[in-house]
Amino acid sequence: MPQLSTDTLLALDRAHVWHPYGPMPGTVTPYVVESASGVRLRLAAPAAGGHRELVDGMSSWWAAIHGYGHPVLDEAVREQLGRMSHVMFGGLTHEPAVRLAATLVEITPEPLRHVFLADSGSVAVEVAMKMCLQYWQSVGRPEKRRLLTWRGGYHGDTFHPMSVCDPQGGMHHLWGGVLPHQLFAAEPPAGFDAPLDDEYVRAFEELMERHADELAAVIVEPVVQGAGGMRFHSPGYLRMLRELCDRHGVLLVFDEIATGFGRSGALFAADHAGVSPDVMCLGKSLTGGYLTMAATLCTAEVADGISRGEMPVLAHGPTFMGNPLAAAVANASIELLLGQDWATEVKRIEAGLLTGLADTAALPGVKDVRVLGAIGVVQLDHPVDMVAATEAAAREGVWLRPFRDLIYTMPPFVTGDEDVARIAAAVTAAAVAG
Ligand SMILES: *Cc1c(COP(=O)(O)O)cnc(C)c1O
């Protein structure tokens, strides 16, 4: 039973609690969630429109692919809790973490081989960058320490990941002199099915040629750029990156923290291109949205390079590294995903979003509508009125969290057809209101 009245809870929240990307004190009253089950969030008080339950269109930021309170995942946590919730990972190991690492190596593209378990996506990206810089240091090329990415990306909120986020979206102007100065190419041309733009390829080639001597790695989100703008590009650009990185001796990092585990219609977005990176980051849906855990995978070549250095270790070790509860639920989540025809479920959601958003592109104020896998995006021609858009969605009985000029959804894979239709209607209502 809740101990605080909703009013008290909201007053304390406003007085003391930071929320993501929020001011202090907060200016917008958040919904209080009492519980969550299946694809529904149960609120402590009715939202705009009188709904006490909202269909979740966000999967809690790409994470809850199986919905909430899934019996198999609940049981995995309970079972592990009976053994141990946590032990340190230095000098100790345990089955949940070892099984998880072995599974990740098995299901990710060859030749990824070694796994570093981190406690959040941003840390996984930090570790990926550290691996790349240390690799070049160890093999005697310490001048190779810059990163190249394309604009429109998002890689996390800690400082080094922030340095490869889109300079505008990441507000780099606030951090002059603090952020490392990375190299940016133009945004990849839009469209999953669009043919490669020769001019873009040539410009990218030229940029790499000019800077190869100082580049440690290229880091990108493959196929889907998430929080940097919800844009899709052709898998052909990943083949371009692989080819250029090989030609110029530069490592390739795929940040699949948002795209991993089926979201874009392939198990990993890299699979759309048949390309393997040297380093790959996973997170978000890794634990089915239950607990915070992320992973950085690398090839034997990267690990061997690091081992040849004067400091032959990777100096990173979070306190909660390999957390057994998180690893156990990650194992259960992956088994649950792979044990079903997930690709058909994602296709079904894609079809439902395409149908439900078919007429939205013609609405005034709408610039673009795009759908890929279980991701639906409506881009406006103006910044969204977040409060109005959120309330419009709630009136349709749906939880959405728009940002910038974007109203978007990535529902849990277990969302039924009627609920997918409802989400699409809510996205459209939010686009009209916002
Ligand atoms: C969310 C995200 C991150 C950061 O993950 P956190 O767990 O929030 O630190 C990094 N990269 C991508 C592509 C993401 O979507």
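The chain is numbered in sequence order, starting from 1. Atoms within a ligand are numbered from 1 in the order they appear, just like the ligands themselves.
Closer than 4.0 angstrom to ligand 1 lie heavy atoms from Ser120, Gly121, Ser122, Tyr154, His155, Gly156, Glu221, Asp255, Ile257, Ala258, Lys284.
In this model, a donor atom of one side chain and an acceptor atom of the other lie less than 3.5 Å apart for Thr428 and Thr360. Ser60 and Tyr68 share a side-chain donor-acceptor pair at under 3.5 Å.
For His70 (side chain) and Val72 (main-chain N/O), a donor-acceptor pair under 3.5 Å exists by modelled atom type. Between the side chain of Thr409 and the main chain of Gly57, a donor-acceptor pair closer than 3.5 Å is present.
Shown here are the side chain to side chain donor-acceptor pair (under 3.5 Å) partners of Thr29, two or more places apart in sequence or in another chain: Arg14.
Aromatic ring orientation, Tyr200 versus Trp150: tilted (interplanar angle from 30° to 60°).
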